[in-house]
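Presented below is the structure to which this report refers.
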Amino acid sequence: MTATVASHRKPRQHPLASLTGGTRTARTAATLALAGAATATVFDGTGQAASPPTPAQVKGRINALYQEAEVATQNYNGAKEAAGTARQELSRLQDEAARRTQKLNAARTELGALAASQYRSGGVDPTVRLLLSADPQRYLDGAAVLERAGSHQATAVAGYARRLGSVRQVRQRAEETAERLAATEATLKKHRVTVVHKLDAAEQLLSRLTAEQRQRMAGRDGAGTARADRGTRGDGPLDGITGGSGAATAAAPNPRAARAVSFAYAALGKPYVWGATGPSAYDCSGLTQAAWKSGGVALPRTTYTQISSGPRIDRSQLAPGDLVFFYSGISHVGLYIGGGKMIHAPHPGAPVRIAPIDQMPFAAATRPA
């Protein structure tokens with residue numbers, strides 16, 4: 001009887017197993033409830049897919065990508081300039097090492113001749129041991145060499161030691177420069193990838209706009225077409241600056257600034273190419289660098305360094321030729337031409353053009369000296 005009753009008892013569940021099953025049941029119920037609510041929403045007509053971005057939103061994102069690309073471009077320009085400097089320094093050090101090695105070899109030849117002469121006279125001169133030593137520098141560190149050698153030999157040994165040390169010093173500097181160059185080139189590659197990535201993303205967004213939307217967007221980027229911009233320049237020599245109406249609005253503070261502005265006018269319509277310094281294409285700092293170079297002033301390459309190329313100018317004191325910088329990161333620069341306008345290289349697809357300085361967040365201004 002007891003066995004019969006025991007066979008009909010329900011097996012006792014482990015407390016943890018019960019909890020797990022209850023949790024699973026609750027989760028299943030919740031999932032079904034959410035699915036049912038979502039289904040009901042769809043069928044009620046209240047569920048909507050995310051609306052596509054408006055042209056204004058697309059334009060805002062494109063401008064943000066261009067600005068991010070310009071930051072990377074200035075970093076690229078700086079790394080490229082640093083790489084060029086390191087490359088020149090490495091070449092100079094290698095040439096210097098070669099010259100010093102040649103002198104070292106001449107000193108070694110002189111020591112060899114002295115040692116051979118001593119050997120023929122009998123005995124093994126310290127200079128022979130010097131030449132046969134696996135580590136000449138370590139051997140030279142012993143003062144006994146100079147004490148045992150004659151005056152002429154002492155001079156030759158001392159000269160050899162000095163040249164050996166200088167060669168090693170130059171070679172060490174060359175190795176350090178080569179390492180710095182390799183690191184800079186790696187940074188250069190990283191910035192290049194960033195620029196290309198940002199510009200590709202902007203191009204993909206542009207492709208979503210209609211031709212009419214792209215045209216309207218391009219029109220809002222600047223003062224108009226390159227042809228219209230060129231029409232704001234007088235036909236005669238540029239001793240003053242003309243505004244959008246063609247009337248003179250301000251004079252350049254000096255002949256160098258006037259030449260820089262004249263150069264910028266001549267560049268109107270040329271394409272923007274990141275990293276370019278002319279003469280067929282420019283990026284923003286490449287244009288200002290080339291413009292002031294025509295006036296006889298050598299500006300550094302990037303916006304970050306150009307801002308320190310002269311005294312800061314208050315916005316109310318701007319004069320033609322001044323450099324005007326934008327964004328908190330100082331990532332864009334233009335050349336002021338008077339009348340609240342500048343000539344600048346905006347971004348890919350927008351050639352060198354005239355634009356109001358109010359078009360972007362103004363950061364600072366500098367008058368190159």
Side-chain angles (χ1 to χ4, degrees), residues 61-101 166-206 270-290 292-293 298-309 323 325-334 344-350 352 360 363-364 366:
R61 181 55 186 150
I62 289 171
N63 287 341
L65 284 167
Y66 281 145
Q67 204 271 322
E68 292 165 8
E70 194 146 50
V71 170
T73 296
Q74 293 307 313
N75 290 332
Y76 169 87
N77 291 339
K80 185 176 181 181
E81 187 175 45
T85 300
R87 196 173 290 110
Q88 291 177 354
E89 176 69 5
L90 178 60
S91 178
R92 186 190 68 78
L93 288 171
Q94 288 172 335
D95 290 343
E96 184 179 352
R99 288 193 300 270
R100 294 193 183 194
T101 299
S166 68
V167 167
R168 287 182 172 176
Q169 186 179 39
V170 172
R171 286 177 178 172
Q172 177 62 30
R173 281 160 45 199
E175 289 175 3
E176 292 171 355
T177 302
E179 291 174 359
R180 187 173 76 249
L181 175 59
T184 305
E185 287 180 336
T187 302
L188 191 67
K189 182 179 179 180
K190 181 187 70 174
H191 291 315
R192 183 189 294 116
V193 170
T194 301
V195 173
V196 172
H197 174 74
K198 299 291 184 183
L199 295 182
D200 284 348
E203 188 65 29
Q204 289 176 10
L205 285 175
L206 274 173
K270 291 189 176 182
Y272 175 102
V273 174
W274 68 272
T277 57
S280 58
Y282 300 92
D283 63 17
C284 69
S285 56
L287 174 64
T288 51
Q289 184 187 51
W292 270 98
K293 183 179 180 181
L299 294 184
R301 178 64 183 92
T302 71
T303 55
Y304 312 129
T305 49
Q306 286 184 8
I307 196 171
S308 301
S309 60
L323 302 179
F325 299 88
F326 302 91
Y327 301 103
S328 59
I330 316 297
S331 59
H332 189 76
V333 62
H344 73 142
H347 54 71
V352 176
M360 292 173 285
T366 296

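Small disclaimer: the values here were computed from a predicted structure and weren't measured. All residue numbers refer to positions in the sequence shown, counting from 1. Side chains are part of it too, since the values below use all heavy atoms of this structure and drop only hydrogens, waters and symmetry mates.
Judged as a side-chain hydrogen bond (donor to acceptor under 3.5 Å, both in side chains), the pairs with a partner in residues 192-202 (not counting sequence neighbours) are, in order, E68-K198. Counting only residues at least two apart or on different chains, the side-chain hydrogen bond (donor to acceptor under 3.5 Å, both in side chains) pairs with a member in residues 273-285 are Q74-S285, N77-D283, D283-R301, S285-R301.
Ring geometry for F326 versus H332: interplanar angle of 30 to 60°, hence tilted.
Between the CD atom in Q94 and the OG1 atom in T101 there is a gap of 11.5 Å [rounded to 0.5 Å]. Rounded to the nearest 0.5 Å, atoms CG (L93) and CD (Q169) are 10.5 Å apart. Between Y304 atom OH and S331 atom OG the span is 6.0 Å, to the nearest 0.5 Å. A distance of 10.0 Å separates OG1 of T302 from CD1 of I307, quoted to the nearest 0.5 Å. One finds the CD atom of E70 at 7.5 Å from the CE atom of M360 (value rounded to the nearest 0.5 Å).
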Quiz item: What do the steps show when you test Y327 against V71 for side chain to side chain contact (heavy atoms under 4.5 Å, CB included), and what is the final call?
Solution: CA-CA 10 Å; Y327 301 103; V71 170; over 6 Å; no

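Between A276 and A281, the closest heavy-atom pair is CB-O, 3.4 Å. Nearest heavy atoms, S309 versus T366: OG-CG2, 3.9 Å. Looking at every heavy atom in both residues, S166 comes nearest to R100 through CB-NH1, 3.1 Å.
Of the candidates L199, L206, L205, L205 is the only one forming a side chain to side chain contact (heavy atoms under 4.5 Å, CB included) with L65.
Defined by atom type and a distance below 3.5 Å, a donor-acceptor pair is present between the side-chain atoms of T288 and Q306.
Residues Q67 and N63 have side chains not in contact (no heavy-atom distance under 4.5 Å, counting atoms from C-beta outward). Using a 4.5 Å heavy-atom cutoff, the side chains of Y272 and L287 are not in contact.
A search for side-chain contact (heavy atoms from CB on, under 4.5 Å) contacts involving S91 returns D95, not counting sequence neighbours. Taking A363 as the reference, I330 meet the side-chain contact (heavy atoms from CB on, under 4.5 Å) condition, with sequence neighbours excluded. When the side-chain contact (heavy atoms from CB on, under 4.5 Å) test is applied to Q172, the partners found at least two apart in sequence or on another chain are E175, E176.
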Side-chain donor/acceptor pairs under 3.5 Å, residues 182-190, sequence neighbours excluded:
unit_1, atom_1, unit_2, atom_2, d
T184, OG1, R180, O, 2.8
E185, OE2, R87, NH2, 2.7
T187, OG1, A183, O, 3.1

